[in-house]
Amino acid sequence: SSNNMDQVVSYVNNKMSEAINSGMDINSQQLKIAVFTCLEIAGELFKYKDLNIKELSEIEKKSQLMIKQIDEHIKK
């Protein structure tokens, strides 16, 4: 999703700034490789984070439903 892409880009931008501030040469091949690697890793990270959030909210909904049903049975 585009929201994910925005997160990935800002995450990588922050990491790049850290690298540059540490004195790494902006034009070095090493930095370019590092940036591409960061993009790949960040992309995967946010993708899995997204999937986990969806699964967790599903589990949460089911849990709430079960608690509600248990409560109703106890009240009878």
Side-chain angles (χ1 to χ4, degrees):
S1 67
S2 67
N3 181 32
N4 248 6
M5 205 56 228
D6 291 343
Q7 278 185 302
V8 170
V9 169
S10 81
Y11 179 82
V12 174
N13 276 337
N14 289 337
K15 290 293 168 198
M16 270 182 68
S17 297
E18 284 175 23
I20 292 163
N21 291 335
S22 77
M24 192 185 276
D25 177 15
I26 298 172
N27 300 313
S28 76
Q29 195 60 34
Q30 266 184 313
L31 183 64
K32 288 176 185 143
I33 293 166
V35 170
F36 281 114
T37 306
C38 271
L39 274 167
E40 289 290 314
I41 293 168
E44 284 179 34
L45 179 74
F46 286 110
K47 185 175 73 183
Y48 287 117
K49 217 168 108 180
D50 235 25
L51 287 174
N52 285 337
I53 288 168
K54 283 179 190 133
E55 276 182 30
L56 282 173
S57 71
E58 279 303 304
I59 292 168
E60 204 173 11
K61 275 183 218 162
K62 286 176 186 167
S63 301
Q64 293 294 333
L65 214 88
M66 284 168 64
I67 290 167
K68 201 175 152 191
Q69 287 178 335
I70 291 168
D71 278 350
E72 285 167 10
H73 281 287
I74 292 172
K75 284 173 190 164
K76 285 180 183 172

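Keep in mind that what you see is a predicted model, and the values were worked out from it rather than measured.
Other residues, nucleotides and ligands contribute only 12 or fewer heavy atoms inside 6.0 Å of the OH atom of Tyr11. The neighbour count for Glu40 CD, taken as heavy atoms of other residues, nucleotides or ligands under 6.0 Å away, does not exceed 12.
Considering OG of Ser63 and NZ of Lys68, their distance stands at 14.5 Å, rounded to 0.5 Å. Remark: Ser10 OG to Asp6 CG distance equals 7.5 Å, nearest 0.5 Å. Between the CD atom of Gln69 and the NE2 atom of His73 there is a distance of 6.0 Å, given to the nearest 0.5 Å.
Both Phe46 and Val9 sit in one connected hydrophobic cluster of ILVMFWY residues. Membership requires side-chain heavy atoms under 4.5 Å apart, directly or through other members.
For the salt bridge (Lys or Arg N to Asp or Glu O under 4.0 Å) test, no residue two or more places apart in sequence or in another chain qualifies with Glu60. Applying the salt bridge (Lys or Arg N to Asp or Glu O under 4.0 Å) rule to Lys61 yields the partners Glu58; only residues at least two apart in sequence or on another chain are considered.
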